[in-house]
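Take a look at the structure below.
Just so it is clear: chains get the letters A, B, ... in the order the sequence lines come, proteins before strands, and each one is counted from 1.
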Amino acid sequence: MRLHHLHEWPMTVDEAEAVQERLRGLVKVGGTIPRPRTVAGLDVAYEEDSGRLAAAISVLDAETLDQVDESILTGSTDFPYVTGLFAFRELPSLIRALQELRTRPDLLVVDGHGLAHPRRFGLACHVGVLTDLPCIGVAKTSLGRYEPPGPARGDWTPLRIGEDVVGRALRTQDEVKPVFVSVGHKLDLEVAARLTLWLSPRYRLPETTRHADHLARAALAG
DNA sequence: GCGACAG
DNA sequence: ATCTTGTCGC
């Protein structure tokens with residue numbers, strides 16, 4: 001898969017924030033996906049010591065949610081974990097995994113935020129701009145403020161940072177903690193939320209994320 | 001100013 | 001992210 005703007009790579013925290021400010025203008029907000037045939041989940045697993053990591057991508061049939069492709073690799077990280085600069089920690093390995101994918105998915109689902117980010121350019125936006133593919137951010141915790149949504153699957157409330165509505169707190173199953181959905185690239189928030197619900201028929205997290213998580217953990221072990 | 005803070 | 005006991009439920 002062909003990727004764009006790979007020359008935009010920082011060495012320091014200041015440079016990293018500058019890259020985000022520069023690339024944020026390339027995010028396309030809005031739109032729908034006519035008929036997604038395949039959906040890819042991206043995730044990275046870490047080993048507490050030695051900075052070893054495994055990146056995994058699982059591509060599922062959007063209709064049956066059966067896996068049709070995968071890409072797994074192990075590596076290491078040098079960029080420290082800094083809230084807001086999360087992308088620069090996971091992106092190098094995710095990029096390699098994307099390039100080794102046999103197929104080009106119709107949609108990407110990232111384990112983290114898109115627009116629900118301090119500079120409105122979270123990992124899901126970054127991956128979306130690099131690939132120019134529609135991309136959704138689905139995170140397990142929030143960086144913004146929200147009121148608890150209703151108790152039923154499908155209930156949601158707006159997620160805000162400052163005055164901006166940057167995403168949704170979405171209940172994907174009855175009586176479970178909500179997930180935090182935001183636009184990454186090339187779709188609108190309503191579509192992102194609808195797709196997230198579709199991809200989460202049984203558990204709190206989307207099947208794409210769960211599959212990728214399993215693959216990444218297995219790769220670290222074996 | 002202080003605390004909180006995706007994974 | 002990862003470390004973990006017991007507990008509840010299919």
Side-chain angles (χ1 to χ4, degrees), chain A residues 10 13 16-17 19-20 23-24 27 41-58 72-98 108-130 135-146 158-162 164-170 172-185 189 192-193 196 201-206 208-222:
Chain A
V13 166
E17 293 180 348
V19 168
Q20 291 181 331
L23 294 184
R24 62 185 290 186
V27 173
L42 289 64
D43 192 35
V44 178
Y46 297 87
E47 205 171 53
E48 329 94 70
D49 50 316
S50 299
R52 228 169 63 85
L53 60 79
I57 299 177
S58 175
I72 312 166
L73 64 87
T74 57
S76 59
T77 311
D78 40 19
F79 211 96
Y81 172 66
V82 179
T83 302
L85 300 180
F86 181 54
F88 300 101
R89 185 168 165 79
E90 301 210 334
L91 220 35
S93 47
L94 287 178
I95 287 171
R96 287 171 49 209
L98 279 167
L108 266 32
V109 177
V110 163
D111 188 22
H113 295 297
L115 294 177
H117 173 276
R119 285 169 295 280
R120 310 295 184 269
F121 195 74
L123 178 62
C125 295
H126 211 141
V127 170
V129 166
L130 291 181
C135 187
I136 306 173
V138 180
K140 296 180 286 296
T141 62
S142 149
L143 292 173
R145 300 161 9 91
Y146 65 98
L159 172 63
R160 293 187 176 85
I161 295 181
D164 299 344
V165 172
V166 295
R168 289 182 184 179
L170 173 67
T172 53
Q173 303 295 327
D174 293 351
E175 308 290 340
V176 303
K177 296 194 304 178
V179 298
F180 303 92
V181 181
S182 61
V183 170
H185 193 48
L189 185 52
T196 298
R202 177 160 182 183
Y203 300 101
R204 180 188 177 223
L205 295 178
T208 37
T209 299
R210 301 183 69 249
H211 279 243
D213 183 78
H214 278 167
L215 293 176
R217 289 182 196 238
L220 268 190

Reading 5' to 3' through nucleotides 4-10 of chain C, protein heavy-atom contacts under 4.0 Å coded B for base, S for sugar-phosphate only, - for none: -------

Strictly under 4.0 angstrom, non-hydrogen atoms only: write out the protein contact profile of nucleotides 1-7 of chain B, one letter per nucleotide from the 5' end, B, S or -. ----BBB

Side-chain donor-acceptor distances from residues 82-98 of chain A under 3.5 Å, at least two apart:
{"unit_1": "A:R89", "atom_1": "NH1", "unit_2": "A:F79", "atom_2": "O", "d": "3.0"}
{"unit_1": "A:E90", "atom_1": "OE2", "unit_2": "A:Y46", "atom_2": "OH", "d": "2.9"}
{"unit_1": "A:S93", "atom_1": "OG", "unit_2": "A:E90", "atom_2": "O", "d": "3.1"}

Got a sec, which residues hit side-chain contact (heavy atoms from CB on, under 4.5 Å) with A:A218, two or more places apart in sequence or on another chain?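 Expected list: none.
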
Applying side-chain contact (heavy atoms from CB on, under 4.5 Å), name anything that partners A:S76, two or more places apart in sequence or on another chain.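 Testing A:S76 for side-chain contact (heavy atoms from CB on, under 4.5 Å), a comparison that skips the adjacent residues, returns none.
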
Considering all heavy atoms, the nearest A:A56-A:L215 contact: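 Nearest heavy atoms, A:A56 then A:L215: CB-CB, 3.7 Å.
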
Heavy atoms under 4.0 Å, any strand shown: does A:R145 hit a base, just sugar-phosphate, or nothing?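 Touches nothing.
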
Could you spell out the base pairing of DNA chain C in dot-bracket, with Watson-Crick or G-U pairs whose two distances are under 3.5 Å, [ ] crossing and | to another strand? ..........

Could you tell me which residues satisfy salt bridge (Lys or Arg N to Asp or Glu O under 4.0 Å) with [X], sequence neighbours excluded, listed by chain and number?
X	answer
A:R145	none
A:R204	none
A:R24	A:E21

So does A:G184 get a backbone contact from the side chain of A:H126, meaning a donor-acceptor N/O pair under 3.5 Å?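 No, the answer is negative, given that no donor and acceptor are paired below the 3.5 Å cut-off.
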
Does DNA chain B take part in any stems of at least 3 consecutive Watson-Crick or G-U pairs (both distances under 3.5 Å), and if so, which ones?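 Consecutive-pair runs (3 or more) involving DNA chain B: none.
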
For a quick test of your reading: what N or O donor-acceptor pairs under 3.5 Å do the side chains of residues 174-182 of chain A make, sequence neighbours left out?
{"unit_1": "A:D174", "atom_1": "OD1", "unit_2": "A:R153", "atom_2": "N", "d": "2.7"}
{"unit_1": "A:S182", "atom_1": "OG", "unit_2": "A:G114", "atom_2": "N", "d": "2.7"}

Nearest 0.5 Å, please: how far is CG in A:L53 from OG1 in A:T74?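 CG of A:L53 is found 8.0 Å from OG1 of A:T74.
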
Can you confirm whether A:R160 sits close enough to A:V165 that some side-chain heavy atom of one is under 4.5 Å from a side-chain heavy atom of the other?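 They are in side-chain contact.
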
Pairs satisfying salt bridge (charged side-chain N to carboxylate O under 4.0 Å, His left out), at least one member in residues 111-128 of chain A, at least two apart: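 Output for this query lists A:E17-A:R119, A:D111-A:K140, A:R120-A:D164.
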
